Peer 1: 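Mind having a look at this structure? Questions to follow.
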Amino acid sequence: MDLIFATNNKHKLFEIKASVSEKINIISLSEINCNDEIPETHNTIEENASEKAFYIYNKYNKNCFADDTGLEIDALNGEPGVYSALYAGENCSFIDNINKVLEKMHGIKNRKARFRTVISLIIDNVEHQFEGKVEGEILTTLYGAGGFGYDPIFRPTGFNETFAQMNIETKNKISHRGLAVKKLVDFLNSNK
Ligand code: IMP
């Protein structure tokens, strides 16, 4: 089955292609020559995932999915949450965002946080949502060079490594996005 993944994020594309079987043909936006800046105008990740997926579905009339992800830090009342991408401002880098988190968390003992992903899948104009969550903690400095985003400062509960220190297979097995993708794949398999 062909499914467009409505993202411009090459890291997400790499992760998701690595976690689905070859029965699902993930098509990137560049493969359909779509260079649009996909709108994300809401303040929940559920609504943003939906908005991104419907934007592509309505434009191309092809089955597709989108994900939206937030890092929710308890001591910061759930920040950066839905604002994870541009937490440090317009055009900020992953490192700018990490530095902002580390500054805000300076001296704070409660380091509990989670990544939460919602995937919105549109099949024949009907939407299905799948959530994946992973609990962990925010470290006080960066570890590892893999992954992307906040991976170097997030260590999932029960592991000695940050997401940025893990290989892609390990991250996909336990991560927010990996778990949401597993639900999506199970759904597709049970509806064949
Ligand atoms: P998006 O709105 O779903 O594209 O994600 C928002 C931001 O969350 C991204 O720009 C990254 O900074 C961060 N993010 C999303 N997924 C991950 C991940 O798997 N690891 C680390 N950071 C992530």
Side-chain angles (χ1 to χ4, degrees), residues 1-32 34-35 37-38 40 45-46 48-53 55-56 63-72 80-87 93-95 97-98 101 113-122 128-136 138-139 142-189:
M1 130 175 247
D2 286 349
L3 262 189
I4 297 175
F5 183 20
T7 187
N8 290 310
N9 181 324
K10 61 182 189 311
H11 304 279
K12 289 184 179 180
L13 193 62
F14 171 71
E15 283 189 10
I16 286 194
K17 280 192 168 179
S19 66
V20 301
S21 79
E22 61 282 359
K23 283 188 217 144
I24 300 170
N25 181 30
I26 304 286
I27 299 168
S28 67
L29 292 182
S30 58
E31 285 172 276
I32 57 167
C34 173
N35 299 308
E37 198 63 53
I38 305 175
E40 277 184 61
I45 65 176
E46 283 79 4
N48 280 340
S50 188
E51 181 178 31
K52 290 190 263 188
Y55 176 88
I56 294 298
N63 294 335
C64 68
F65 68 98
D67 89 318
D68 201 55
T69 296
L71 172 63
E72 301 170 345
V82 71
Y83 306 108
S84 293
L86 301 179
Y87 194 41
S93 66
F94 291 146
I95 288 294
N97 285 334
I98 285 178
V101 166
R114 74 206 49 78
F115 274 115
R116 200 162 72 84
T117 287
V118 171
I119 289 180
S120 184
L121 168 73
I122 319 285
H128 309 269
Q129 287 200 327
F130 310 95
E131 185 191 58
K133 269 198 268 194
V134 58
E135 299 289 332
I138 302 298
L139 304 184
L142 291 75
Y143 294 92
F148 70 102
Y150 299 90
D151 279 350
I153 55 166
F154 184 84
R155 183 167 62 198
T157 304
F159 289 80
N160 293 323
E161 295 179 316
T162 65
F163 273 159
Q165 293 172 296
M166 291 178 179
N167 60 39
I168 185 69
E169 289 78 22
T170 311
K171 182 181 174 191
N172 272 343
K173 245 182 239 160
I174 60 168
S175 81
H176 45 301
R177 189 169 304 99
L179 297 172
V181 168
K182 185 172 181 320
K183 290 183 185 173
L184 174 146
V185 170
D186 289 348
F187 172 84
L188 293 174
N189 285 338

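This is a predicted model, so every value here is computed, not measured.
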Peer 1: Side chains of T170 and N167, heavy atoms from C-beta outward: is any pair under 4.5 Å?
Peer 2: yes
Peer 1: To the nearest 0.5 Å, tell me how far T117 OG1 sits from L179 CG.
Peer 2: 9.0 Å
Peer 1: Can you list the steps and then say if I4 with L29 is a side chain to side chain contact (heavy atoms under 4.5 Å, CB included)?
Peer 2: CA-CA 7 Å; I4 297 175; L29 292 182; 3.9 Å; yes
Peer 1: Decide yes or no for K182 and F130: does some side-chain heavy atom of the first lie under 4.5 Å from some side-chain heavy atom of the second?
Peer 2: no
Peer 1: Okay, side chain of N97, backbone of L86: is any donor-acceptor separation there less than 3.5 Å?
Peer 2: no
Peer 1: Which label fits H176 and F115: parallel for a plane angle under 30°, tilted from 30 to 60°, or perpendicular past 60°?
Peer 2: parallel
Peer 1: Might you work through the side chain to side chain contact (heavy atoms under 4.5 Å, CB included) test for K12 and F148, ending with a clear yes or no?
Peer 2: CA-CA 9 Å; K12 289 184 179 180; F148 70 102; 4.0 Å; yes
Peer 1: Where do A49 and A66 come nearest, in terms of heavy atoms and distance?
Peer 2: O-CB, 3.7 Å
Peer 1: Distance-only, no hydrogens or angles: does the K52 side chain make a donor-acceptor pair with backbone N or O of D67 under 3.5 Å?
Peer 2: yes
Peer 1: Checking N172 side chain against E15 main chain: does a donor-acceptor pair fall under 3.5 Å?
Peer 2: yes
Peer 1: Run the numbers on L71 and I138 for side chain to side chain contact (heavy atoms under 4.5 Å, CB included), then give the verdict.
Peer 2: CA-CA 10 Å; L71 172 63; I138 302 298; 4.1 Å; yes
Peer 1: For residues F5 and I56, determine if any side-chain heavy atom of one lies less than 4.5 Å from a side-chain heavy atom of the other.
Peer 2: no
Peer 1: Test of understanding: with ring pair (Phe, Tyr, Trp, His ring centres under 6.0 Å), list the residues that count as partners of Y55, not counting sequence neighbours.
Peer 2: none
Peer 1: Let me know which of L188, N25, I27 forms a side chain to side chain contact (heavy atoms under 4.5 Å, CB included) with L3.
Peer 2: L188
Peer 1: For the CZ atom of F187 and the CD1 atom of I119, what is their distance to the nearest 0.5 Å?
Peer 2: 12.5 Å
Peer 1: Indicate yes or no for a side-chain donor-acceptor contact from S19 to the backbone of G178 under 3.5 Å, with no hydrogens or angles considered.
Peer 2: no
Peer 1: Kindly check if the number of other-residue, nucleotide or ligand heavy atoms within 6.0 Å of CG (N160) is above 12?
Peer 2: no
Peer 1: Give the C-alpha distance, both sets of side-chain angles, the deciding distance and a yes or no for side chain to side chain contact (heavy atoms under 4.5 Å, CB included) between V118 and N48.
Peer 2: CA-CA 9 Å; V118 171; N48 280 340; over 6 Å; no
Peer 1: Taking C-beta and beyond as the side chain, do D2 and N63 meet within less than 4.5 Å on heavy atoms?
Peer 2: no
Peer 1: With rounding to the nearest 0.5 angstrom, report the CG to CD1 distance, L142 to I98.
Peer 2: 4.5 Å
Peer 1: Taking atom CD1 of I122 and atom OG of S50, what is their separation to the nearest 0.5 Å?
Peer 2: 5.5 Å
Peer 1: If you define the side chain from C-beta out and look only at heavy atoms, does anything of K171 sit under 4.5 Å from D151?
Peer 2: yes
Peer 1: Please round to the nearest 0.5 Å and tell me the distance separating atom CG of D68 and atom CD of E51.
Peer 2: 9.5 Å
Peer 1: Would you say E31 has more than 12 foreign heavy atoms packed within less than 6.0 Å of its CD?
Peer 2: yes
Peer 1: Please report the closest heavy-atom contact between S120 and A53, naming both atoms and the distance.
Peer 2: O-CB, 3.6 Å
Peer 1: Between atom NZ of K10 and atom OG of S28, what is the distance when rounded to the nearest 0.5 Å?
Peer 2: 13.0 Å
Peer 1: Are any of the side-chain heavy atoms of K183 and Q129 separated by less than 4.5 Å?
Peer 2: no
Peer 1: Shortest non-hydrogen contact from G144 to Q165?
Peer 2: CA-CG, 3.6 Å
Peer 1: Check whether any side-chain heavy atom of M166 lies under 4.5 Å from a side-chain heavy atom of F159, and answer yes or no.
Peer 2: yes
Peer 1: Does the gap between the ring centers of F94 and Y150 come in under 6.0 Å?
Peer 2: no
Peer 1: Over all heavy atoms of both residues, which pair between F154 and A113 is shortest? Give the atoms and the distance, please.
Peer 2: CE1-O, 3.8 Å
Peer 1: Would a 4.5 Å heavy-atom cut-off, applied to side chains only, mark I38 and E40 as touching?
Peer 2: no
